[in-house]
Peer 1: 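This structure is in structure tokens; I'll ask about it shortly.
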Amino acid sequence: MTPGTAIGERIAAWYATGHRDLPWRRPGFTAWGTLVSEFMLQQTPVSRVIPALERWLTRWPTPADLANVPPGEAVRAWERLGYPRRALNLHGAATAIAERHGNEVPSDVDALLALPGVGPYTARAVAAFAYGIRTPVVDTNVRRVLARAMRGQGAAGPARTAVDLAEMEALLPADPARARLVNAGTMELGQTVCTARTPRCDECPLAAVCAWRAAGYPRYAGPRAPVQKRYEGSDRQVRGLVLRELRGSDIPVPVEVIAGLWADAAQLARAVEGLLRDGLVEREGDELRLP
DNA sequence: GATACGTGGAA
DNA sequence: TTTCCAAGTAT
């Protein structure tokens, strides 16, 4: 057994002794449910996803159910989860699954990657968690755990997909069922124990072997993710206001109503242009509506 | 590789 | 109050 898989086994054993009871971990949870949950979890906390996920799956229990409504209905039902292009992409993915995959979410990573809005993380998460396939699942939690335990760094730094996947691959046992526990357990560990701000190292199953702990918790000095721009006054905020208005209306909204949402007309026009370009909004005459 | 993309809660 | 952070993806 390599040192890497020894760490993996510690994580699997810790996870197996107890973890949170999340909807997507329930027995019988569908692959479609897993796909929807992974879309919603992209940059959105678990606590906000859970209620939205349950409403979504009640309304659209299979991909074809979603594919059979206009994409704007997906954007509307997305409500305030943020990054509404995810709703559009999920609708596109559902359509592709209904049309090209017999209404069954594919289990193959490459087939998943071909779906809109599905990237390296989501494709492998669905393959691993919905289908039990042995493949490294790397998200922000996993990258932080690996940076600390394996490399002795306090933070993960920028993502490097190929390197990150290889590093996680080295932790996976050969047995797919066991590998799945390592994938789920590493994410769980990063989210509940090896947290970004105040890690609870006294509860960590890796404390005895953690490189960061052994080094005395050196402050992270490497490259950091660029600071996100201020949201107040940003184009993002204006796009959000426009979309909120459209979601709240069952009929097309006159542009003069939209014009009242934001004082800076040039910025508002830029935001609307962006929404049109992204396909989140359609224009018909002097009215705007969801697609 | 850098940047844009929502929203809300916690420190 | 400001900053950080959250199961990322597309360009």
Peer 1: Closer than 4.0 Å, any side-chain N/O of A/Thr122 to the OP1 or OP2 of C/dT9?
Peer 2: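 So the side chain of A/Thr122 is within the cut-off, an N or O lying under 4.0 Å from OP1 or OP2 of C/dT9.
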Peer 1: A/Trp78 and side chain to side chain contact (heavy atoms under 4.5 Å, CB included): which partner among A/Leu88, A/Leu90, A/Leu243?
Peer 2: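 Output: one option passes, namely A/Leu90.
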Peer 1: Select base, sugar-phosphate, or nothing to describe what A/Ala125 touches, counting heavy atoms under 4.0 Å on all strands.
Peer 2: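 Touches nothing.
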Peer 1: Would you indicate what A/Val118 reaches in the nucleic acid, counting non-hydrogen atoms under 4.0 angstrom: base, sugar-phosphate, or nothing?
Peer 2: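 Sugar-phosphate, no base atom in range.
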Peer 1: Does a side-chain N or O from A/Lys229 land closer than 4.0 Å to OP1 or OP2 of B/dA4, or not?
Peer 2: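 It does, given that an N or O in the side chain of A/Lys229 lies less than 4.0 Å from OP1 or OP2 of B/dA4.
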Peer 1: State, yes or no, whether a side-chain contact exists between A/Phe29 and A/Leu57 at a heavy-atom distance under 4.5 Å.
Peer 2: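 Side-chain contact under 4.5 Å: yes.
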Peer 1: Where the side chain of A/Gln228 is defined as all heavy atoms beyond and including C-beta, which of C/dA6, B/dG8, C/dA7 is the nearest nucleotide?
Peer 2: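 When the side chain of A/Gln228 is considered, C/dA6 is the closest of C/dA6, B/dG8, C/dA7.
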Peer 1: What distance, rounded to whole Å, do you find between the two P atoms, one in C/dT9 and one in B/dG8?
Peer 2: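 My reading of the P atoms in C/dT9 and B/dG8 gives 22 Å.
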Peer 1: Roughly, in whole Å, what's the span from CZ in A/Arg247 to P in B/dT7?
Peer 2: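 Whole-Å distance recorded here is 6 Å.
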Peer 1: Output the rounded distance in Å from CG (A/Leu243) to P (B/dG6).
Peer 2: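 It works out to 8 Å between those atoms.
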Peer 1: Given side chains that start at C-beta, do those of A/Val69 and A/Trp60 come closer than 4.5 Å, heavy atoms only?
Peer 2: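 Yes; the side chains approach each other to less than 4.5 Å.
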Peer 1: Heavy-atom nearest nucleotide on DNA chain B for A/Arg197 versus A/Leu280: which residue maps closer to 5'?
Peer 2: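 Checking each residue's closest nucleotide, the 5'-ward one belongs to A/Leu280.
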Peer 1: Among C/dA6, B/dG6, C/dA7, which nucleotide has an atom closest to any side-chain atom of A/Tyr231?
Peer 2: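 Of the options given, the side chain of A/Tyr231 lies nearest B/dG6.
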Peer 1: Could you walk me through whether A/Arg86 and A/Asn89 satisfy the side chain to side chain donor-acceptor pair (under 3.5 Å) test, starting with their C-alpha distance in whole Å, then the side-chain angles of each, then the deciding distance to 0.1 Å, before giving a yes or no?
Peer 2: CA-CA 5 Å; A/Arg86 292 183 292 168; A/Asn89 283 334; over 6 Å; no
Peer 1: If the cut-off is 4.0 Å, is A/Gln43 near the phosphate of B/dT7, judged by side-chain N/O to OP1 or OP2?
Peer 2: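 Checking B/dT7 against A/Gln43, no side-chain N or O comes under 4.0 Å of OP1 or OP2.
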Peer 1: Examine B/dT7: is either OP1 or OP2 under 4.0 Å from a nitrogen or oxygen in the side chain of A/Arg86? Give yes or no.
Peer 2: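 So the side-chain polar atoms of A/Arg86 never come under 4.0 Å of the phosphate oxygens OP1 or OP2 of B/dT7.
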Peer 1: Quick one: A/Gln191 CD to C/dA6 C1', roughly how many Å, whole number?
Peer 2: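 For the pair A/Gln191 CD and C/dA6 C1', the rounded distance is 9 Å.
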Peer 1: Between A/Leu113 and A/Leu22, which has a closest nucleotide on DNA chain C that is more 5'?
Peer 2: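 So the residue in question is A/Leu22.
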Peer 1: Describe the nucleic acid contact of A/Val227 in one word from base, sugar-phosphate, nothing, applying a heavy-atom distance below 4.0 Å.
Peer 2: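 The residue A/Val227 makes sugar-phosphate contact but no base contact.
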Peer 1: Rounded to the nearest angstrom, tell me the gap between atom CG in A/Asn89 and atom P in B/dA4.
Peer 2: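 Whole-Å distance recorded here is 19 Å.
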Peer 1: Of A/Leu280, A/Ile258, A/Val75, which meets side chain to side chain contact (heavy atoms under 4.5 Å, CB included) against A/Leu246?
Peer 2: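 When side chain to side chain contact (heavy atoms under 4.5 Å, CB included) is applied between A/Leu246 and each of A/Leu280, A/Ile258, A/Val75, only A/Ile258 qualifies.
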Peer 1: Any base atoms under 4.0 Å from A/Trp78, or only sugar-phosphate, or nothing? Heavy atoms, all strands.
Peer 2: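 The residue A/Trp78 makes no contact with any strand.
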Peer 1: Please evaluate the base of C/dG8 for a donor-acceptor partner in the side chain of A/Thr140 within a cut-off of under 3.5 Å?
Peer 2: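 No, no donor-acceptor pair under 3.5 Å.
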Peer 1: Is there a path of hydrophobic side-chain contacts, each under 4.5 Å between heavy atoms of I, L, V, M, F, W or Y residues, that connects A/Val238 with A/Leu288?
Peer 2: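 Both belong to a single hydrophobic cluster.
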Peer 1: With a 4.0 Å cut-off on heavy atoms, is A/Leu81 in touch with a base, just the backbone sugar-phosphate, or nothing at all?
Peer 2: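 Base contact - A/Leu81 has a heavy atom under 4.0 Å of at least one base atom.
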Peer 1: 5'-most contact on DNA chain B: A/Pro226 or A/Arg244, nearest heavy atom basis?
Peer 2: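 First, find each residue's nearest nucleotide; the 5'-ward one identifies A/Pro226.
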Peer 1: Considering every strand and a 4.0 Å limit on heavy-atom distances, what is the contact class for A/Arg48: base, sugar-phosphate, or nothing?
Peer 2: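 Contact class for A/Arg48: base.
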Peer 1: How many whole angstroms separate atom CD of A/Glu38 from atom C1' of C/dA6?
Peer 2: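 My rounded result for the distance is 14 Å.
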Peer 1: Between P on C/dC5 and CZ on A/Arg144, what's the gap in Å once rounded to a whole number?
Peer 2: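 After rounding, the reported distance stands at 9 Å.
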Peer 1: Does the side chain of A/Tyr121 come within less than 4.5 Å of A/Val137's, by heavy atoms?
Peer 2: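 Answer yes - side chains close enough.
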Peer 1: Once you apply a heavy-atom cut-off of 4.0 Å, does A/Gln237 come out as touching a base, just sugar-phosphate, or nothing?
Peer 2: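 Nothing, no heavy atom under 4.0 Å.
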Peer 1: From the list C/dC4, C/dA6, C/dA7, which nucleotide is the closest neighbour of the side chain of A/Arg224?
Peer 2: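 Nearest nucleotide to the side chain: C/dC4.
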Peer 1: Have a look at A/Gly82 and say if it touches a base, only the backbone sugar-phosphate, or nothing, with a 4.0 Å heavy-atom cut-off.
Peer 2: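 Result for A/Gly82 = base.
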Peer 1: CZ of A/Arg80 versus C1' of C/dA6: gap in Å, rounded?
Peer 2: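 Whole-Å distance recorded here is 17 Å.
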Peer 1: For atom P, what is the distance between C/dA7 and B/dA11, given to the nearest Å?
Peer 2: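 Straight-line distance between the two P atoms is 14 Å.
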Peer 1: Would you indicate what A/Arg277 reaches in the nucleic acid, counting non-hydrogen atoms under 4.0 angstrom: base, sugar-phosphate, or nothing?
Peer 2: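 Nothing, no nucleic acid heavy atom in range.
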Peer 1: Output the single nucleotide from B/dG6, C/dA7, B/dT7 whose closest atom is nearest the side chain of A/Asp139.
Peer 2: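 Closest nucleotide to the A/Asp139 side chain: C/dA7.
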Peer 1: Could you check which of C/dT2, B/dT7, C/dT9 has an atom nearest any side-chain atom of A/Gln42?
Peer 2: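 Looking only at side-chain atoms, A/Gln42 lies closest to C/dT9.
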Peer 1: Between atom CZ in A/Arg143 and atom P in C/dC5, what is the gap in whole Å?
Peer 2: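 After rounding, the gap between these two atoms is 12 Å.
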Peer 1: Indicate, with a heavy-atom threshold strictly under 4.0 Å, whether A/Ser234 touches base, sugar-phosphate, or nothing.
Peer 2: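 Answer is nothing: A/Ser234 stays at 4.0 Å or more from every strand.
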Peer 1: When hydrophobic residues are tied together by side-chain contacts of less than 4.5 Å, even through go-betweens, does A/Leu41 share a cluster with A/Phe129?
Peer 2: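 No, because A/Leu41 and A/Phe129 fall into different hydrophobic clusters, even though each may have its own neighbours under 4.5 Å.
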Peer 1: Looking across every strand, which nucleic acid part, if any, lies under 4.0 Å from A/Ser47 by heavy atom: base, sugar-phosphate, or nothing?
Peer 2: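 It contacts nothing in the nucleic acid.
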Peer 1: Among C/dA7, B/dT7, C/dG8, which nucleotide sits nearest the side chain of A/Trp24?
Peer 2: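 Closest of the options to the side chain of A/Trp24: C/dA7.
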Peer 1: Under 4.0 Å between any heavy atoms, over every strand shown, what does A/Pro84 touch: base, sugar-phosphate, or nothing? Just pick one.
Peer 2: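 Sugar-phosphate only.
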